[in-house]
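Proteins get letters first, then strands, A, B, ... in listed order; numbering begins at 1 in each. Quick note: numbers below take in every heavy atom, side chains included, and nothing from hydrogens, waters or symmetry partners.
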Amino acid sequence: MSEFQPSVTSRYKTYHYIENLSQYVGQEVTLRGWVYHRTGKGKLQFIQLRDGTGVVQCVVFKGNVSEEVFNLAKDLTQESSVIIKGSVREDPRSPSGYEIDVSDIKLVQLTKDYPITPKEHGDSFLLEHRHLWLRSSKQHAIMRVRAAVVKAIRDFFDGNGFKLMDSPILTPNACEGTTTLFETQYFDLGKAYLSQSGQLYAEASAMALGKVYTFGPVFRAELSKTRKHLTEFWMVEPEMAYFDLEDDMDLAEDLVEYIVHYVLKTCQKELQTLERDTTKLEKVRRPFYRMTYTEAVEWLNKNNIPLIRKVGGQEIAEPFPWGEDFGAVQEEAIMEQFDKPCIIHHYPAKVKAFYMKRDPENPELVLAMDMLAPEKGGEIIGGSQREDDYEALKQRIIDENLPLDAFQWYLDLRKYGSVPHSGFGLGIERTVKWITGAKHIREVIPFPRMIYRIVP
RNA sequence: UCCUGAGUAGCUCAGCUGGUUAGAGCACCUGACUGUUAAUCAGGGGGUCCGGGGUUCGAAUCCCCGCUCAGGAGCCA
């Protein structure tokens, strides 16, 4: 299996791709793509050609081509599809370092009135044209980083003894019982919901295969309207039998370090296009920072970061009370001092989900952890050691007013060979947003789903 | 859902305390140019001022209602 190298290139016609041009210096190539940009100066025309792998400048000199081809070059519009033949030349005047001396152009389709011009556009307009916006260089770079992040995650788990165990998207009940779910009618069996997390199923899978991960889209019908929320996003959720909270946090660090350095290694060009300060990413090395929830509260109060409550239109600031969950203000204040991620662990039980295991040393706490990313990356990971005691879990389900029937199979896991186990969820888009430095989470998923937007 | 803000040409915007024929840049069309990078220069076409109601001699401008969108909060990845 290790010797197996997938390859299908020999079955395709021999064309060339822009990302491989350095191999063809001095040779004639045929490129297939789209006109990214065109300018000209009399007898000289410059075509920025993109083919999905990169952009290269193609130079058309009137003396080198037929009159027909030159006139075609002059009339080419943005995003017209063309097949260009020419020789590859190294040239410092070209942005990519290479240039194509054009000998022939074949028009596939002449584009008229491409909506996205080289001028600025508003967010709303760009989102309405997301299907075309993806062609522009920054979006193109973000999507390539996203693909690298996903590959890093899969490589990391596959290479460390984890098995991919996909969880269902249509589910009969809420996983955590807290957030609002998308609802649909499921034949004669009643309501079904789009999954907000694969975790409960991952736990069952971990009891069968030891170390597993699920990777898929999840759905939250919350009316969130911020630059870090989507209603549909992708999450990877490892779940490990016999892992305690410490193991869980160690694994989360290993994973995030691997992702960041995989992207640094394979996406230099993309990060440059995005004008990302990569020295900040270089610093993401183990060990990350760690503090308990209680330490974090002490830190907030020592640094006078209050809790702001609104009472009857009046804003009241008070010392941060132990037991309250952190909001955006607290998280940002804590992270401002750090140049790499920080894990906050041992939260109060009442602000966390029912399935988390109580701290045996303090029943007010749960063995939970969140990883916050620096540079306003926010919460990228949430995880915990799971409650593995049958009675304790059953009581939690009852306390939360969750339907016991629907959780019977989940309780079974605590009945038949229950073991300590842990896991976490890492948000793909939040991670890509942090690594790319994108301003808004909608830019890091090909087709974002937000409360007021489902097209395209 | 709550708070705040925005909607004028295909796009990004200007348009003052209401005033007569609503403007610019880009994009598009015509022409000039052998090194452009959001090229430059000359010329040209292009408007339901978000919708409805009101105030006024007169509304893009002021008031009310609605629609659409954006940012933030809470929830969380």
Side-chain angles (χ1 to χ4, degrees), chain A residues 36-48 55-64 70 73-75 77-79 91-96 99 101 111-129 136-137 175-176 178-181 196-199 216-237 252 308-310 313 315 324-329 331-332 351-353 370-373 377-383 424-434 439-442 444-445 450-453:
Chain A
Y36 190 61
H37 184 70
R38 184 197 62 81
T39 89
K41 200 168 173 183
K43 293 174 181 150
L44 208 46
Q45 295 295 320
F46 302 95
I47 300 161
Q48 304 290 336
V55 179
V56 70
Q57 174 155 283
C58 304
V59 183
V60 190
F61 177 51
K62 193 167 186 179
N64 291 350
F70 187 78
K74 239 170 81 177
D75 292 340
T77 52
Q78 199 189 349
E79 288 303 321
D91 195 317
R93 288 173 296 185
S94 170
S96 64
E99 224 171 54
D101 252 329
T111 289
K112 287 215 151 189
D113 299 323
Y114 185 68
I116 301 176
T117 65
K119 261 281 185 176
E120 325 153 1
H121 297 281
D123 301 329
S124 192
F125 178 83
L126 288 170
L127 282 169
E128 275 157 31
H129 296 83
S136 57
S137 62
C175 279
E176 304 185 11
T178 50
T179 45
T180 320
L181 304 181
Q196 59 166 324
S197 163
Q199 186 206 310
V218 290
F219 307 86
R220 310 245 165 124
E222 291 288 339
L223 298 174
S224 299
K225 215 169 137 40
T226 79
R227 58 180 86 186
K228 56 183 184 184
H229 286 90
L230 294 164
T231 57
E232 175 183 307
F233 64 96
W234 286 67
M235 188 153 72
V236 63
E237 293 176 279
I308 312 256
R309 268 190 223 278
K310 266 203 165 173
E315 285 191 350
E324 194 76 20
D325 205 1
F326 299 140
V329 178
E331 284 182 3
E332 274 180 31
V351 302
K352 289 292 182 184
D370 286 350
M371 187 191 288
L372 307 178
E379 186 179 338
I380 56 171
I381 282 178
F424 62 83
L426 174 129
I428 302 305
E429 287 76 17
R430 290 222 180 140
T431 304
V432 176
K433 174 177 181 283
W434 164 49
K439 281 188 197 69
H440 200 299
I441 199 164
R442 65 190 166 206
V444 306
I445 185 168
M450 298 174 294
I451 56 173
Y452 292 132
R453 199 175 285 283

Inset, instruction - Report yes if the side chains of A:Cys58 and A:Arg38 come closer than 4.5 Å at any heavy-atom pair, otherwise no. - result: no
Legend entry - Assigned partner base of B:rC2, Watson-Crick or wobble definition, under 3.5 Å: B:rG72
Inset, instruction - For A:Lys228, report the nucleic acid contact type (base, sugar-phosphate, nothing); a contact means any heavy atom under 4.0 Å. - result: base
Inset, instruction - Could you please name the option among B:rG71, B:rC11, B:rG35 that lies closest to any side-chain atom of A:Val59? - result: B:rG35
Inset, instruction - Identify which nucleotide among B:rG71, B:rC75, B:rU36 has an atom closest to any side-chain atom of A:Gln57, counting heavy atoms from C-beta outward. - result: B:rU36
Inset, instruction - Indicate, yes or no, whether a donor-acceptor pair under 3.5 Å links the base of B:rC26 to the side chain of A:Thr117. - result: no
Legend entry - Paired nucleotide for B:rG18 [Watson-Crick or G-U wobble; both distances under 3.5 Å]: none
Inset, instruction - Can you tell me the distance, in whole Å, between the CZ atom of A:Phe70 and the C1' atom of B:rC33? - result: 10 Å
Legend entry - Given RNA chain B, 5'-ward residue of the pair A:Lys43 and A:Phe125, judged by closest heavy atom: A:Phe125
Inset, instruction - Find out whether A:Tyr114 and A:Thr77 are in side-chain contact, i.e. whether some heavy atom of one side chain is under 4.5 Å from a heavy atom of the other. - result: no
Inset, instruction - To the nearest Å, give me how far apart CG (A:Asp113) and P (B:rG10) are. - result: 11 Å
Inset, instruction - Write down the distance between NZ (A:Lys439) and P (B:rG71), rounded to a whole number of angstrom. - result: 12 Å
Inset, instruction - Just compare B:rC33, B:rC69, B:rA77 and give me whichever is closest to any side-chain atom of A:Phe233. - result: B:rA77
Legend entry - Nearest listed nucleotide, side chain of A:Ala328, among B:rC75, B:rA73, B:rG35: B:rA73
Legend entry - A:Phe46 aromatic ring stacked with six-membered ring of B:rG35, 5.5 Å and 30°: no
Legend entry - Separation between the C1' atoms of B:rC41 and B:rC26, rounded to whole Å: 16 Å
Legend entry - Pairwise side-chain contact, A:Arg430 with A:His229, heavy-atom cut-off 4.5 Å (strictly under): yes
Inset, instruction - Just compare B:rA77, B:rG35, B:rU1 and give me whichever is closest to any side-chain atom of A:Arg220. - result: B:rA77
Inset, instruction - Classify the nucleic acid contact of A:Ile381 as base, sugar-phosphate or nothing, counting any heavy atom under 4.0 Å across all strands shown. - result: sugar-phosphate
Inset, instruction - Mind checking A:Glu99 for me? I need base, sugar-phosphate or nothing, with any heavy atom below 4.0 Å counting as a touch. - result: base
Inset, instruction - Identify, between A:Glu379 and A:Arg442, the residue whose nearest nucleotide on RNA chain B lies closer to the 5' end. - result: A:Arg442
Legend entry - Gap between atoms NZ and C1', on A:Lys352 and B:rA77 respectively (whole Å): 11 Å
Legend entry - A:Phe233 side chain near A:Val218 side chain, heavy-atom distance below 4.5 Å: yes
Legend entry - Atom pair distance, as rounded to whole Å: NZ in A:Lys41 and P in B:rG35: 4 Å
Legend entry - Pair A:Gln78, A:Thr117: side-chain N/O donor-acceptor within cut-off below 3.5 Å: no
Inset, instruction - Using the C1' atom as the reference point in each nucleotide, state the distance between B:rA27 and B:rC13 in Å, no decimals. - result: 15 Å
Legend entry - Mate of B:rG43 where both pairing distances stay under 3.5 Å, Watson-Crick or G-U: B:rC29
Inset, instruction - State, with a plain yes or no, whether a side-chain heavy atom of A:Leu127 is found less than 4.5 Å away from one of A:Met450. - result: yes
Inset, instruction - Identify the nucleotide, in any strand shown, that forms a Watson-Crick or G-U wobble pair with B:rA24, with both distances under 3.5 Å; if there is none, say none. - result: B:rU12
Inset, instruction - Take atom P in B:rA60 and the same atom in B:rU21, then report the distance between them in whole Å. - result: 11 Å
Inset, instruction - Pick the C1' atom in B:rC29 and in B:rA14, then give their distance to the nearest Å. - result: 26 Å
Legend entry - Nearest-angstrom distance from the residue atom CG of A:Asn64 to P of B:rG35: 15 Å
Legend entry - Spacing of the C1' atoms in B:rC75 and B:rC2 (rounded, Å): 13 Å
Legend entry - Check: A:His121 side chain, B:rC11 base, donor-acceptor under 3.5 Å: no
Legend entry - Interatomic spacing from CD in A:Glu429 to CG in A:Leu230 - rounded to 0.5 Å: 6.0 Å
Inset, instruction - Go through B:rA77, B:rU36, B:rC69 for me and flag the one nearest to the A:Met235 side chain. - result: B:rA77
Legend entry - Sugar-phosphate, base or nothing in reach of A:Arg453, heavy atoms under 4.0 Å: sugar-phosphate
Legend entry - Aromatic ring pairing A:His121/A:Phe125, orientation class (parallel under 30°, perpendicular over 60°, tilted between): parallel
Inset, instruction - Answer with base, sugar-phosphate or nothing: what part of the nucleic acid does A:Asp325 contact at a heavy-atom distance below 4.0 Å? - result: sugar-phosphate
Legend entry - Opposite nucleotide pairing with B:rU55, Watson-Crick or G-U, both atom distances under 3.5 Å: none
Inset, instruction - Using the P atom on both, measure B:rA6 against B:rC50 and round to a whole Å. - result: 13 Å
Legend entry - Whole-Å gap separating P (B:rA77) and CZ (A:Phe326): 15 Å
Inset, instruction - Between B:rG74, B:rG72, B:rC75, spot the one nearest the side chain of A:His229, thanks. - result: B:rC75
Legend entry - A:Thr39 side chain, from C-beta outward: closest of B:rA73, B:rU36, B:rC75: B:rU36
Legend entry - Distance, C1' atom - from B:rG54 to B:rC3, rounded to whole angstrom: 28 Å
Inset, instruction - Please state how far atom CD in A:Gln78 lies from atom P in B:rA38, giving the value in whole angstrom units. - result: 12 Å
Inset, instruction - Sticking with atom C1', work out how far B:rC67 lies from B:rC57, rounded to a whole angstrom. - result: 32 Å
Inset, instruction - May I ask you to verify whether the side chain of A:Gln45 and the base of B:rU36 hold a donor-acceptor pair under 3.5 Å? - result: no
Legend entry - Sugar-phosphate only, base, or nothing, as touched by A:His129 at under 4.0 Å among non-hydrogen atoms: nothing
